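Keep in mind that what you see is a predicted model, and the values were worked out from it rather than measured. For ligands, and for the atoms within them, numbers begin at 1 and follow the listed sequence.
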Amino acid sequence: MAHKAKTTELTEVSEAQIAVHWKEEEYRHPSESFKAQANMRDTHILEKFGLDNFPDCFKEYADMLTWFEPYHTVLDTSDAPFWKWFVGGKLNASYNCVDRHLATYGNKAAFIFVPEPEAEPDVTITYQDLYTRVNEVAALLRGLGLKAGDRITLHMPMVPELPITMLACARLGIIHSQVFGGFSGQACGSRIEDSGSRVLITMDSYWRNGTLGDHKANADIAVRTAKDLGQEVDKVLVWQRYPGTYSAKTPLVPGRDFFVNDLLKNYKGRQVEPVALPSEGPLFLMYSSGTTGKPKGAQHGIAGFLSYVTATSKWILDIHPEDIYWCMADIGWITGHSYIVYGPLAVAATSVLYEGVPTFPDAGRPWRIAERLGVNIFHTAPTAIRMLRKLGPQEPRKYDYHFKSMTTVGEPIEPEAWRWYYDEVGKGEAVVTDTWWMTETGGFLGTTVPGIHPMKPGSCGPAAPGIHPVIYDETGAEVPKGSGKAGNICIRNPWPGIMQTIWGDRDRYIKTYFAKYNRNPRSKDWRDWPFLCGDGAVQAADGYYRILGRIDDVINVAGHRLGTKEIESACLTVPEVAEAAVVPVQDELKGRVPEVYIALKPGVPPSQDVIDRVIRANEEVIGKIARPKHVYLVPDMPKTRSGKIMRRVLAAISNRRDVGDVTTLANPDVVEQIRTMVQGKDAVTTQEGLPEDIAKFGQIE
Ligand code: WTA
């Protein structure tokens, strides 16, 4: 069927493909002044990083780092698909991010910390200060007996102590696993267990939306959860948001909990030699949601990851040491690890670190910060863009700041939101770089090189240098560019930023990312191992990619991936719940939000109380981010004859679409009952096609 398409209609598709009906957007071009100052101006850069120069082209990335011992092999594929980059070399990430800048940039700010309360002054941390503080914390960790290869879990907010702690770990080769501060204690506990951490580092409190909450309470829950799962935590180290003052109510547990500031008194001015670590030593774990409830720890290695984020911070974010760069992401997610901490510091950036909510106390806050600090590179996500646009569409005009470059990341951006970002936030002067990538990939995959390529609203662009995407349909056939058809986007080749493995689960790594299109499981040739990114995508005739969203059952809420199984298991902790099904729903601000369908155990009457407890369970097990938009108590789930819940049907109902033919279900009548409950009796469904990620949702079941 697919080949017939060539001669007849372009959008005719086979079962294995997805039709796409977007209109082409017009290009915008970077200004001459931007181009003139850009770090990467070589218009042949993509050819230089062509597959015929692979993998040696990436030597240029390794050259951006300072090595203690040189590497001898660029890419070792002997344990395919567990790629090893720059093998034989020794280096240290903390040294590359801090020590090597001291001579030239010692007195320059590495971070400018902006507390959420507007009256509280900024805190400037120079590279020299950073050096002193990282060394002291490293000395403390070493004093506790921690060493290279040990894991520790961090559950910290957006404060300078977070990058300081990460860099202290990196100095010793301790593998850090920072869990997003907004995640619940339970979510943190399950990650402690998976990583096998015996130490948890947290903070007593932090400001969020005008409240100084008790964050230490989460540590107690995390330790208890980990213990129940079989992992003991010996020590909880508690930073104080205001040193010398305890801002939480939850008491310290004697013998287990310690204030970092007290312990640090013994390590004042102490220096710790950065350990010369092997290139492929693990640097950190970053947990993300998979399709099962079990957290999935993406393991990133020192040399590959660091070289990749360094090069892309320079060429794509276009950071120069004299710029003021502000990424509004949270360090608790991969964007913060790659593009607040490691990449920018490696290129000697000055970064703004903002503690709180972008719209606190009003939608002018980011632009006031930008004006006051002279921010000229701005990096955020579509969800923040939509929110700032909704609350203050004309706010940017009131402030005298000038961005040269802006990034969007985390989810597809609608051309409309893109245009507001470009016209209003960027004042028509700044380039917009739409960077598509994921936790597993360490750094950017799909992007423009901003000083070279024109931008196209809604499309991420061609790809970063050395990244060679390919779109396959379900049968493994390549979907050609310009065909108007979408498929599963994969990367043909390895690249330095790719994760090393899933922590402790090699089989799951192969199964999740390679099995689908692998040509020979015994092959040592990288060409046989395309990497499955997990997104649907379409490539226009000009080579630009447009991303359609996740193809697996992962819901991207405000740019954060939540596993549906994780949400469903949270619902099942409410004893009255017999079955739970979660589906993604389109949301004006957050892109997608979860909606929950619940079938109660026999004899349990429906009640608001159960609904409230289901909502609370999600907040407690995962975090507020997982809060469902609606919880529907339904008489039964729509099921196939073999008893599988048809999440696809529920997703259609939640998104006000027609459910299609349900006559083959075991219980077709219940669909109409649920539809009436959710859409109302006479609700008209829209005929508009569902966004591809939702249309495909539930199809792999
Ligand atoms: C989505 C965040 C469209 C995508 C860096 C991916 C995007 C998932 C973009 C990864 C973008 C990220 N355009 N979609 N520019 N950036 N995504 O692991 O679905 O938190 O698979 O990494 O976010 O989310 P993650």
task = Give the atoms of ligand 1, by number and element, whose distance to some non-hydrogen atom of Asn556 is under 4.0 Å.
result = 1 (C), 23 (O)

query = Can we say Lys485 and Asp473 salt-bridge, meaning some charged N sits less than 4.0 Å from an Asp/Glu carboxylate O?
reply = no

ask   = Just by distance, with hydrogens left out, do Asp434 and Trp418 show a side-chain donor and acceptor under 3.5 Å apart?
value = no

ask   = Counting each atom of ligand 1 from 1 as listed, which ones have a heavy atom of Thr335 under 4.0 Å away?
value = 5 (C)

key: Derivation of the salt bridge (Lys or Arg N to Asp or Glu O under 4.0 Å) call for Glu440 and Lys296   = CA-CA 10 Å; Glu440 294 86 338; Lys296 192 167 71 175; 3.8 Å; yes

request  = Show which atoms of ligand 1 fall inside a sub-4.0 Å distance from at least one heavy-atom site of Asp535.
outcome  = 4 (C), 6 (C), 19 (O), 21 (O)

Element-labelled atoms of ligand 1 that are located less than 4.0 Å from some non-hydrogen atom of Ile547 = 3 (C), 14 (N)

task = For atom NZ of Lys456, decide whether the heavy atoms of other residues, nucleotides or ligands shown that lie under 6.0 angstrom number more than 12.
result = yes

task = Decide whether Ser288 and Thr439 meet the rule of one side-chain donor and one side-chain acceptor closer than 3.5 Å.
result = no

ask   = For ligand 1, which atoms have a heavy atom of Trp436 less than 4.0 angstrom away?
value = 7 (C), 9 (C), 11 (C), 14 (N), 15 (N), 16 (N)

ask   = Taking NZ, NE, NH1 and NH2 as the nitrogens, is one of them in Arg419 or Glu25 under 4.0 Å from a carboxylate oxygen of the other?
value = yes

task = Enumerate the atoms of ligand 1 whose separation from the nearest heavy atom of Asp434 is less than 4.0 angstrom.
result = 11 (C), 13 (N), 15 (N)

Proximal candidate to atom 17 (N) of ligand 1 [heavy atom criterion; set Gly443, Gly410, Gly442] = Gly410

task = For Met438, counting its heavy atoms only, list the atoms of ligand 1 lying under 4.0 Å from any of them.
result = 6 (C), 10 (C), 18 (O), 21 (O), 22 (O)

Proximal candidate to atom 18 (O) of ligand 1 [heavy atom criterion; set Ile413, Thr407, Thr439] = Thr439

key: Option whose closest heavy atom lies nearest to atom 21 (O) of ligand 1, chosen from Arg550, Glu411, His560   = Arg550

ask   = Identify the closest protein heavy atom to atom 5 (C) of ligand 1: which residue and atom is it, and at what distance?
value = Trp437 CE2, 3.5 Å

query = Do the side-chain N and O atoms of Thr435 and Thr433 include a donor-acceptor pair separated by under 3.5 angstrom?
reply = no

ask   = Is there a donor in the side chain of Tyr339 and an acceptor in the side chain of Thr312, or the other way round, less than 3.5 Å apart?
value = yes

task = Would you mind checking which non-hydrogen protein atom is closest to atom 24 (O) of ligand 1, with the distance to 0.1 Å?
result = Arg561 CD, 3.0 Å

